[in-house]
Amino acid sequence: GDRVDFEISFAKAEDKAKLKALFLNSFDDTIGFVNMFFDHNFNPENIVCVKMGEEIIGEAHLLPCTIDGADCFYAYGICVDKKHRKEGVGLALMEFIKAHAKSKGQGVLLHPADEHLFSFYEKAGFYPCGYHCEKTICAEDEAVPLLPVTAEKYKALRDGAFRDVTPLVWDEKAVEYALLQEAFFGLEAFSVECDEREEILLCGKDSGGAFIKETTAKKDALQKIVSAVAKRYSTECVRVTLPREASSNALVCGYGFNVPKDIYMNLLLD
């Protein structure tokens with residue numbers, strides 16, 4: 001086909017309405033979610049946009065984070081106008097992000113929303129680098145009380161517990177937003193006191209029953225938490241996502257310097 005002419009740059013404040021409209025048309029999200037997303041994540045200096053004349057046909061949001069003590073970018077909310085897919089816009093967008101990260105001596109991480117997108121990101125020069133495993137655990141008699149938890153405490157306990165599995169580390173504002181986003185989709189964050197340790201968990205209910213998206217608990221504490229979650233959502237077994245073990249699924253793609261091959265990153269933004 002004909003070459004499509006477009007320009008890629010960081011966004012300006014006046015681009016907000018057009019970025020929002022593209023986001024709404026690209027994903028299956030409600031206007032309520034999109035409003036919440038832009039209320040919390042509209043930082044033009046961290047939004048890359050693809051313009052064709054006056055039209056915005058592509059966008060990506062970059063969130064600063066650290067991994068293994070090194071600064072990097074987490075790219076999310078990546079979309080291309082449906083009318084302009086398969087015209088090289090997505091690859092050009094990723095090239096711009098890679099060049100920007102490289103100029104800062106940083107890596108880029110992202111979470112493909114669907115498995116088939118892994119091949120697109122691999123074509124764009126990214127490689128799988130974050131893994132998780134999923135187990136189904138059935139409830140036993142002993143459960144623990146689920147307690148409310150602040151974003152500040154969630155972050156502190158999460159960072160401490162996952163230090164040995166190379167976690168992606170968010171700042172407190174990002175953790176606060178991630179928990180808000182999860183709550184929008186019906187997930188709940190709790191802390192528990194178990195065997196003289198405090199643990200966190202992020203859990204919810206879906207068509208398959210109950211699931212725990214993230215928890216710092218292991219072994220006996222994990223069993224007690226599973227029992228508490230099963231009780232809360234009136235189910236017998238709970239699916240639990242845990243850091244990588246022998247058989248694991250790729251969850252995250254990375255590119256650039258200092259991006260380890262095996263990271264932990266369950267508190268995800270799509």
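As the structure is a computational prediction, the values presented were derived from the model and not from experiment.
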#### Entry: Cluster check Leu157, Leu242: I/L/V/M/F/W/Y, side chain < 4.5 angstrom
no
### Query
Quick one: SG on Cys49 to CG on Leu22, what's the gap to the nearest 0.5 Å?
10.0 Å
#### Entry: side chain to side chain donor-acceptor pair (under 3.5 Å) partner of His84, chosen from Glu87, Lys82, Lys86
Glu87
### Message
I'd like to check the ring pair (Phe, Tyr, Trp, His ring centres under 6.0 Å) partners of Tyr154; sequence neighbours left out, ordered by chain and number.
### Response
none
### Task
Find out whether the Lys NZ or Arg CZ of Lys205 is both under 6.0 angstrom from the six-membered ring centre of Tyr233 and within 45° of the ring's axis.
no
### Query
How long is the gap from CD on Glu188 to CG on Leu146, to the nearest 0.5 Å?
8.5 Å
### Task
Considering only NZ, NE, NH1 and NH2 on the basic side and carboxylate oxygens on the acidic side, decide whether Lys224 and Glu142 come within less than 4.0 Å.
yes
### Query
Closest approach of Phe162 and Pro243, non-hydrogen atoms and distance?
CE2-CG, 4.0 Å
### Message
With rounding to the nearest 0.5 angstrom, report the NZ to CG distance, Lys153 to Leu147.
### Response
8.0 Å
### Query
NZ of Lys102 to CD of Glu95: how many Å apart, nearest 0.5 Å?
9.5 Å
### Query
Judged by modelled atom types alone, do Glu199 and Thr216 share a side-chain donor-acceptor pair under 3.5 Å?
yes
### Task
Please check if the side chain of Asn35 supplies one atom and the backbone of Gly32 the other of a donor-acceptor pair under 3.5 Å.
no
### Message
If I compare all heavy atoms of Cys253 with all of Cys129, which pair ends up nearest, and what's the gap?
### Response
C-SG, 3.8 Å
### Query
Do Asp71 and Lys104 pass the salt bridge (Lys or Arg N to Asp or Glu O under 4.0 Å) test, and can you show the C-alpha distance, the side-chain angles, and the key distance before you say yes or no?
CA-CA 9 Å; Asp71 290 339; Lys104 305 264 186 194; over 6 Å; no
### Query
So do Lys20 and Val34 actually touch side chain to side chain, heavy atoms under 4.5 Å?
yes
### Summary
What one should report as the nearest heavy-atom pair of Tyr255 and Gly125 is CD1-O, 3.4 Å
### Query
Do Cys138 and Glu236 touch side chain to side chain, with heavy atoms closer than 4.5 Å?
no
### Task
Indicate yes or no for a side-chain donor-acceptor contact from Ser227 to the backbone of Glu140 under 3.5 Å, with no hydrogens or angles considered.
yes
### Query
Taking Lys123 for the side chain and Leu91 for the main chain, is one N or O donor matched with an acceptor at less than 3.5 Å?
no
### Task
Find out if a path of hydrophobic residues (ILVMFWY) with successive side-chain heavy-atom gaps under 4.5 Å connects Val80 to Phe96.
yes
### Task
Given side chain to side chain contact (heavy atoms under 4.5 Å, CB included), test Phe6 with Ile57 step by step and report yes or no.
CA-CA 9 Å; Phe6 49 79; Ile57 62 167; 4.3 Å; yes
### Task
Kindly write out the residues that satisfy side chain to side chain donor-acceptor pair (under 3.5 Å) with Tyr127, not counting sequence neighbours, or none if the list is empty.
none
#### Entry: Spacing of CZ belonging to Arg158 relative to OH belonging to Tyr264, to within rounding of 0.5 Å
5.5 Å
### Task
Quick one: list whatever passes ring pair (Phe, Tyr, Trp, His ring centres under 6.0 Å) with Phe33, sequence neighbours left out.
Phe184, Phe185
### Query
Is there a donor-acceptor contact under 3.5 Å linking the side chains of Glu59 and His61?
yes
### Heavy-atom side-chain proximity of Leu63 to Asn46 below 4.5 angstrom
no
### Query
Any link between Val149 and Val229 through a network of hydrophobic side chains (Ile, Leu, Val, Met, Phe, Trp, Tyr) touching at under 4.5 Å?
no
### Query
Would you call Phe120 and Phe126 a side-chain contact if the rule is heavy atoms closer than 4.5 Å?
no
### Task
Indicate yes or no for a side-chain donor-acceptor contact from Lys98 to the backbone of Ala124 under 3.5 Å, with no hydrogens or angles considered.
yes
### Query
Looking at SG of Cys203 and CZ of Phe190, how far apart are the two atoms once the value is rounded to the nearest 0.5 Å?
5.0 Å
### Query
Would you call the rings of Phe38 and Phe42 parallel, tilted or perpendicular, where under 30° means parallel and over 60° means perpendicular?
tilted
### Query
Would you say the side chain of Leu222 lies within less than 4.5 Å of the side chain of Thr215, judging by non-hydrogen atoms?
yes
### Heavy atoms from other residues, nucleotides or ligands near CD of Glu14 exceed 12 (cutoff 6.0 Å)
yes
### Heavy-atom side-chain proximity of Ser26 to Arg85 below 4.5 angstrom
yes
### Task
Please list, chain by chain and in numerical order, all residues satisfying salt bridge (Lys or Arg N to Asp or Glu O under 4.0 Å) with Lys83, sequence neighbours excluded.
Glu55, Asp81
### Message
Looking at Glu45, I'd like to know if its CD atom is crowded, meaning that more than 12 non-hydrogen atoms belonging to other residues, nucleotides or ligands lie closer than 6.0 Å.
### Response
yes
## Note on the structure
Smallest heavy-atom separation, Leu62 atom then Ala75 atom, equals CD2-CB, 3.8 Å
### Query
Do Leu24 and Ile47 sit in the same hydrophobic cluster, where Ile, Leu, Val, Met, Phe, Trp and Tyr count as joined when their side-chain heavy atoms come under 4.5 Å apart?
yes
### Query
Going hydrophobic residue to hydrophobic residue with side-chain gaps under 4.5 angstrom, can you get from Leu179 over to Ile200?
yes
### Query
Heavy-atom distance under 4.5 Å between the side chains of Val48 and His100, does that happen here?
no
#### Entry: Beyond-backbone contact of Val238 with Ile137, side-chain heavy atoms, under 4.5 angstrom
no
### Query
Does CD belonging to Glu152 count more than 12 external heavy atoms closer than 6.0 Å?
no
### Query
Should we say atom NZ of Lys16 is surrounded by more than 12 heavy atoms from elsewhere, each under 6.0 Å from it?
yes
### Heavy-atom pair of closest approach, residues Ala60 and Ile78
CB-CG1, 3.9 Å
Donor-acceptor pairs under 3.5 Å, side chain of residues 167-175 to any protein atom, not counting sequence neighbours: which ones?
unit_1 : atom_1 : unit_2 : atom_2 : d
Trp170 : NE1    : Leu267 : O      : 3.2
Asp171 : OD1    : Lys173 : N      : 3.2
Asp171 : OD1    : Ala174 : N      : 2.8

### Message
Among Thr241, Thr235, Asp206, exactly one meets side chain to side chain contact (heavy atoms under 4.5 Å, CB included) together with Phe211. Which residue is that?
### Response
Asp206
### Task
Write down the atom of Tyr76, the atom of Asn41, and the distance for their closest heavy-atom approach.
OH-OD1, 3.1 Å
### Task
Under the ring pair (Phe, Tyr, Trp, His ring centres under 6.0 Å) rule, collect the residues that match up with His40, sequence neighbours excluded.
Tyr177
